[in-house]
Amino acid sequence: MADDYDPNGIVDKWLPVWDRLRVFEPRDEGGVDDGGRERRYVVDMFPYPSGDLHMGHAEAFGIGDAVARYTMMRGYDVLHPVGWDSFGLPAENAALKRNMDPREWTYDNIEVQREGFRRLGMSFDWRTRLHTSDPGYYRWTQWLFLRLFERGLAYRKAAPVNWCPNDQTVLANEQVIAGKCERCGTEVTKKNLTQWFFRITDYAERLLDDMALLEGQWPDRVLTMQRNWIGRSTGAYVDFRIEGHDRPIRVFTTRPDTLFGATFFVVAADSPLAAELVTDEQRAALSAYVEQVRKTTDIERLAEGRPKTGVSLGRSAINPVNGEQIPVYAADYVLADYGTGAIMAVPAHDQRDLDFARAFGLTVRKVVETGDDDPADTGIATSGDGTLVNSGRYDGMRKVEAIAAIAEDLRRDGHGEAAITYRLRDWLVSRQRYWGPPIPIIHCSACGEVPVPDEDLPVRLPESGYELRPEGGRSPLESATDWVTTKCPSCGGDATRDTDTMDTFVDSSWYFLRYPSAQDAERIFDPELIARWLPVDEYIGGVEHAILHLLYSRFCVKFLQDIGLLSFPEPFLRVTNQGQVIMAGSAMSKSKGNLVNLQEELAKYGPDAVRLTMLFAGPPEEDVDWADVSPTGTMKWLTRVWRLCRDVGVAGRGTDPATGDVEIRTGVHKLIADATEQCDHKRFNVAIARLMELTTLLRKAVDADALGSASGAAAVREGAEALARMLSIFGPFTAEEVWELLGNEPSVVFAGWPSIDPALLVEDTVTCVVQVAGKLRDKFEVSVDATEDQLREQALASEAVQRALDGRPVRTVIVRPPRLVNVVPG
RNA sequence: GCGCGCCUGGCGAAACCUGGUAUACGCGCAAGAUUUAGGUUCUUGUGUCUUCGGACGUGGGGGUUCGAAUCCCCCGGCGCGCACCA
């Protein structure tokens, strides 16, 4: 045994012991049978194999591991799995750059990270290990696709979609952040392409409603972000006849009460509607405009104060309530894929419409009197409550009455109906890249889109014969001609495979279902193990997935529930977002030159001190600025713990804690109770502070020769063992080492969380605080059952109180026995 | 623009849920002990001012209360999310 604390030596010492004892495998299957425990499923958002582990991994997984280990220590049977999100663009780009096979790059990195996680002391059950890029996994991703396809929830359509010119692929709406590609930051443009979508919009209402189940369990801001993303609006559809056109065009409005104020009509320039409605005279003008719009990136489109543009389509629309003819325009401020892609424009009561009206010299007609100045004069649209004017028989109604009345009249007359629309769009899942699960569809000239039969899954990625580099929206797989050419499963004729692959977010939207039966070759998951472990009790990961991953996973689980494979509506009962590790105020990056290398920190301080430093720096959800913290402090503490336990050694071994010194025990049990309470709320920073206090308390006792008496030794032992057990959730290697120093058999994990003797928490005396006019003047120790009268008397007798009163009479005395007296002067 | 969150010593932070001793724990700093020295380790001190009685102090202002870091309102600063969604 080393003669002082050796932060890295203990890593090599204890890893093989944990492996041998199978410490992190759930007890009631495979390991020690200890049936009857409650189960908990604790999951960390799985890593992307982008290289070696970095500071962010240590932070995120350190928090997840503390949660998992705390849950284990509290006596639950815990499944804490690990896997890799190993398909995706970055791997492919990195491989391209190095002229490597993406497999090689990916699986090499996974090995490096696997070893890194082990050496960080993660309590994973390695049997769960999965990689989304394994055929044994993506087979089931494809299987899931086919189930969606069967039910019409996976479909292909031509649409203007987000296109990243740098990554040469389409992107889901959720992957466009402020107009830029989520991965590379390039400005995203629009392209008309035929793409695969999942009909997540069918689930919009349930995704919104079921958030009630998550309230208080998920971070509020995540719920808010999802709510806003789904974006429910209530209003009405209104059908407008178009002059010289045989079918009416429907619009959505949240303000049917302003129908009489509609003075023009706008369709999205890039929607098929515009092409359908345009007159021959205006066709050239429209094409030129659409061309101009398409070239504009989202960033430019959204620029502040950008003037409204558009082009007349040369027709009129007819307002169903008053027969008025209003001109029809195409403009880019109307979105093709929201609502119906067309709007009635009410410039008086919508700022965007007013801006357009002023740019094109169109009529502004106020129909709701709000008491504000006329929008036609001010250029400021009014949207508040008021009374209807210029609206025929609806004049005089309040806004809300009018909304209901007009919606009802539209329905009765067959001109529309009340409606709800969502901002959420269908999920674009196809990608023109190589490193993802091939879409399991075969295109046959006779049969159309034919699903690959289940028994032919997986559709494996070809391992050669393709050109990896994507180009102009063509998938790399198109160049793998042998792979593409196939027979139609339906008619047996010549056919071709779909050459797109699925987005990596499809892989990750169901992986937590696969862990308990990661090796199952027969089915997507084992229903018995699902029943045993799912849904996820604790899900730990970054807030960057607040919408993307968490929304998609919720959708997939609801779908699997609908087809009878799952019995719960939500995948994650509780979500915790950890903060980031930053350096000197900003995110670490190579270009800023402020990278902190995790491996160097580990070499200097060992994994326990690094983990503790992050956990102790603040609450889990706060960022940690590495410039503000120092592992030397936590390292010093771990050394003190080690020396304390070395000095205690086997003293007091085998004694009944109840025989221990009461004064020491009282202090110990208070600290255990408080640390437990803090851990229950994931306030690990405060819990660690309590463990530090416990260390100091025990050190002082040992220095005062507590070990010289039987009762002192018993109490110190109880405290030191409690310290080791609690330390194990933050600094697992050190905890194991000191547990051994105390003369115990490994593993400390099996010892569980220390219990608290409630009798020791009951205090006989407390400090009573005496205030004069709310300001602290005196305090004294009193019995917990001191009466109001006794306390009042003792307070008034205090010299300090009399001095503060300075001769003033006492108006009243507030007594809150036994802790407080407030003397209020007259 | 809309929505949300945060603001406490030189620094990271406690106490806010449940109003009642503000600054737990750690870093840093200072002094002392140990050491040949540096480092390490240990001890003590560390909100500001002070006439040593106290006074002031949780971004600013106001309110509720016997009593406010804590609850309410206004303002400022910082951060985050959304952003032409009809």
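Numbered from 1 within each chain, the chains take letters A, B, ... in sequence-line order. Keep in mind it's a predicted model, so treat the numbers as computed, not measured.
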> If you check the Ile814(A) side chain, which of C66(B), A86(B), A15(B) turns out closest?
Replying inline: C66(B)

>> Applying a 4.0 Å non-hydrogen cut-off, can you work out what Gln771(A) is touching in the nucleic acid: base, sugar-phosphate, or nothing?
In response: base

>> Can you pull out every side chain to side chain donor-acceptor pair (under 3.5 Å) where at least one residue sits in residues 800-816 of chain A? Sequence neighbours excluded, please.
In response: none

> Quantified in whole Å, what is the P atom distance between nucleotide C4(B) and nucleotide C42(B)?
Replying inline: 49 Å

> Going through the distances and angles, do Met588(A) and Val581(A) end up as a side-chain contact (heavy atoms from CB on, under 4.5 Å)?
Replying inline: CA-CA 8 Å; Met588(A) 293 185 194; Val581(A) 185; 3.6 Å; yes

> G1(B) and C75(B): how far apart are their P atoms, nearest whole angstrom?
Replying inline: 14 Å

> C1' atom, C78(B) versus G63(B): distance in rounded Å?
Replying inline: 26 Å

>> So if I take every side-chain heavy atom of Lys636(A) and compare against C25(B), C27(B), A86(B), which nucleotide ends up nearest?
In response: C27(B)

> Given the P atoms of U46(B) and A24(B), what is the spacing between them in whole Å?
Replying inline: 10 Å

> Do you know the tightest heavy-atom contact between Pro818(A) and Cys768(A)?
Replying inline: O-CB, 3.3 Å

> So does Arg819(A) reach the base of G20(B) with its side chain, donor to acceptor, closer than 3.5 Å?
Replying inline: no

>> Within the 4.0 Å limit for protein heavy atoms, which parts of nucleotides 45-59 of chain B are touched? Write it as a string from 5' to 3', B for base, S for sugar-phosphate only, - for none.
In response: --------SSSS---

>> Could you check whether the side chain of Asn228(A) and the base of C82(B) have a donor-acceptor pair of N or O atoms closer than 3.5 Å, going by distance alone?
In response: no

>> Measuring from atom CD of Gln226(A) to atom CD1 of Ile230(A), what distance do you get when rounded to the nearest 0.5 angstrom?
In response: 6.0 Å

>> Any base atoms under 4.0 Å from Val824(A), or only sugar-phosphate, or nothing? Heavy atoms, all strands.
In response: sugar-phosphate

>> Given G67(B), A83(B), C27(B), identify the nucleotide with an atom nearest to the side chain of Trp229(A).
In response: A83(B)

> Which glycosidic conformation, syn or anti, is assigned to G53(B) if syn requires a torsion within 90° of zero?
Replying inline: syn

>> I'd like the C1' distance from G77(B) over to A14(B), given in whole Å.
In response: 24 Å

> When all nucleic acid strands are considered with a 4.0 Å heavy-atom cut-off, which category describes Arg643(A): base, sugar-phosphate, or nothing?
Replying inline: sugar-phosphate

> What interatomic distance, in whole Å, is found between C1' of A22(B) and the corresponding atom of U58(B)?
Replying inline: 8 Å

> Would you say Ser630(A) reaches G26(B)'s phosphate, i.e. side-chain N/O to OP1/OP2 under 4.0 Å?
Replying inline: no

>> Can you confirm whether the side chains of Glu781(A) and Thr767(A) place a donor and an acceptor under 3.5 Å from each other?
In response: yes

>> Just N and O in the side chain of Tyr333(A): are any of them under 4.0 Å from OP1 or OP2 of A86(B)?
In response: no

> Would Val641(A) and Tyr5(A) satisfy side-chain contact (heavy atoms from CB on, under 4.5 Å), going step by step from the backbone distance to the final call?
Replying inline: CA-CA 9 Å; Val641(A) 172; Tyr5(A) 178 60; over 6 Å; no

> Roughly how far apart, to the nearest Å, are C16(B) and U70(B) at atom C1'?
Replying inline: 4 Å

>> Under a 4.0 Å threshold between the charged nitrogen and the carboxylate oxygen, would Asp703(A) count as salt-bridged to Arg699(A)?
In response: yes

>> Can you check the distance between G28(B) and U23(B), where both ends of the measurement are the P atom (answer in whole Å)?
In response: 22 Å

> Looking for any heavy atom pair under 4.0 Å, which part of the strands does Arg232(A) touch: base, sugar-phosphate only, or nothing?
Replying inline: nothing

Every protein N/O within reach of nucleotides 9-13 of chain B N/O, cut-off under 3.5 Å:
| residue | atom | partner | partner atom | Å |
| --- | --- | --- | --- | --- |
| G12(B) | O2' | Ala617(A) | O | 2.7 |
| A13(B) | O3' | Asn685(A) | ND2 | 3.4 |

